[in-house]
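Before any comments, here is the structure.
Note that the structure is predicted; figures quoted are calculated from it, not measured.
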Amino acid sequence: ALRQFIHQCDWGELDFLLIDLPPGTSDIHLTMVQEVPVTGAVVVSTPQSVAIADAIKGIQMFQTDKIKVPVLGLIENMSWFTPEELPENKYYIFGKEGVKNLAAEAGLPVLGQIPIVQGICESGDSGKPIVLNENSIVGSAFVHLAENVVSEVNKRNINLAPSQIVEITNTDGCAATKH
């Protein structure tokens with residue numbers, strides 16, 4: 001399905017194409033880097049320990065000498081819960097600062113923290129994404145996140161050579177860069 005999505009869609013002229021992959025290090029991640037020269041990876045996690053463990057695996061996979069996809073930064077999803085009626089309150093129901101701590105250990109930036117707010121679901125269901133309300137806490141968080149991703153992509157493009165497609169060359173799963 002991913003190959004079909006990449007090769008059989010008419011994307012037209014793009015500035016960015018973001019593809020949301022499942023957590024961890026599955027075949028879909030390897031397929032992605034084999035099909036397109038991936039500019040960079042953004043790892044998304046919730047703050048709890050079990051999710052952080054998956055994020056670590058993802059970071060390590062992308063940074064191996066065989067894959068060499070730059071990790072642009074981390075995003076913390078479900079950072080805290082904020083009730084609509086108490087917008088100043090933050091309840092850390094999945095733990096606090098798990099992604100911030102991982103980012104510090106890995107030497108990566110935190111690109112954004114997205115809280116749990118009922119309005120995210122409601123606005124999406126109504127066809128008016130919450131990001132369109134830049135004055136809301138969540139809308140401004142998404143705008144800040146997007147600005148940070150663009151900034152990191154620009155830094156990556158200035159400081160690193162263009163990405164290469166990765167080719168699996170051995171039956172033992174080792175990868176090599178296709179030239």
Next on the checklist: For residues L17 and V166: do they belong to one hydrophobic cluster (side chain heavy atoms under 4.5 Å, members Ile, Leu, Val, Met, Phe, Trp, Tyr)?
Outcome noted: yes

Checklist entry - Any chain of hydrophobic side-chain contacts (each under 4.5 Å) joining L30 to F5? => result yes

Checklist entry - Can you tell me how far the OG atom of S79 sits from the CD1 atom of I93, to the nearest 0.5 Å? => result 11.0 Å

Checklist entry - Does I158 belong to the same Ile/Leu/Val/Met/Phe/Trp/Tyr cluster as V153, with side-chain heavy atoms less than 4.5 Å apart forming each link? => result no

Next on the checklist: Under 4.5 Å between side-chain heavy atoms, counting indirect links through other Ile/Leu/Val/Met/Phe/Trp/Tyr residues: same cluster for L21 and I59 or not?
Outcome noted: yes

Checklist outcome for this item: OG of S45 to CZ of F94, rounded to nearest 0.5 Å, is 11.5 Å

Item to check | Identified side chain to side chain contact (heavy atoms under 4.5 Å, CB included) partner of V71 from the options E152, Q63, M61 | outcome: Q63

Checklist entry - Which class fits the ring pair F81 and Y91: parallel under 30°, tilted 30 to 60°, perpendicular over 60°? => result tilted

Checklist entry - What is the distance from atom CD1 of I116 to atom CH2 of W80, rounded to the nearest 0.5 Å? => result 10.5 Å

Checklist entry - Are any side-chain N or O atoms of R156 and backbone N or O atoms of T39, one a donor and one an acceptor, separated by less than 3.5 Å? => result yes

Next on the checklist: Hydrophobic clustering (ILVMFWY, side-chain heavy atoms < 4.5 Å, transitive) - are M78 and I75 grouped together?
Outcome noted: no

Checklist entry - Within a reach of under 6.0 Å around CD of E85, are more than 12 heavy atoms found that belong to other residues, nucleotides or ligands? => result yes

Next on the checklist: Tell me whether the count of non-hydrogen atoms from other residues, nucleotides or ligands lying under 6.0 Å of CG in N89 goes above 12.
Outcome noted: yes

Checklist entry - For I137 and V117, what are the C-alpha separation, side-chain angles and deciding distance, and is it a side chain to side chain contact (heavy atoms under 4.5 Å, CB included)? => result CA-CA 9 Å; I137 292 169; V117 175; 5.9 Å; no

Next on the checklist: Here's a test for you: under side chain to side chain contact (heavy atoms under 4.5 Å, CB included), which of T46, I120, V44 qualifies with I114?
Outcome noted: I120

Checklist outcome for this item: Between S163 and V38, the two heavy atoms sitting closest are OG-O, 2.6 Å

Next on the checklist: Quick check: closest heavy atoms across K100 and V110, and the distance to 0.1 Å?
Outcome noted: CA-CG2, 3.9 Å

Checklist entry - Which pair of non-hydrogen atoms, one from L160 and one from P70, has the smallest distance, and what is that distance? => result CD1-CG, 3.7 Å

Item to check | Side chain to side chain, P22 and I28, heavy atoms closer than 4.5 Å | outcome: yes

Next on the checklist: Is there a side-chain contact between H29 and F62 in this structure, where contact means two heavy atoms from C-beta onward sitting under 4.5 Å apart?
Outcome noted: yes

Next on the checklist: With side chain to side chain contact (heavy atoms under 4.5 Å, CB included) as the criterion, how do L2 and I6 come out once you've worked through the C-alpha distance, each side chain's angles and the decisive distance to 0.1 Å?
Outcome noted: CA-CA 6 Å; L2 180 63; I6 292 169; 3.8 Å; yes

Next on the checklist: Distance check, rounded to the nearest 0.5 Å: Q34 atom CD versus R3 atom CZ?
Outcome noted: 6.5 Å

Item to check | Taking every non-hydrogen atom, the tightest pair across S123 and I130 | outcome: OG-N, 3.0 Å

Item to check | Reported CG-to-CG distance for the pair L74 and L102, which is rounded to 0.5 angstrom | outcome: 5.5 Å

Item to check | E76 side chain vs V99 backbone, donor-acceptor pair below 3.5 Å | outcome: yes

Checklist entry - P23 and D54: which non-hydrogen atoms are nearest, and at how many Å? => result CB-OD2, 4.2 Å

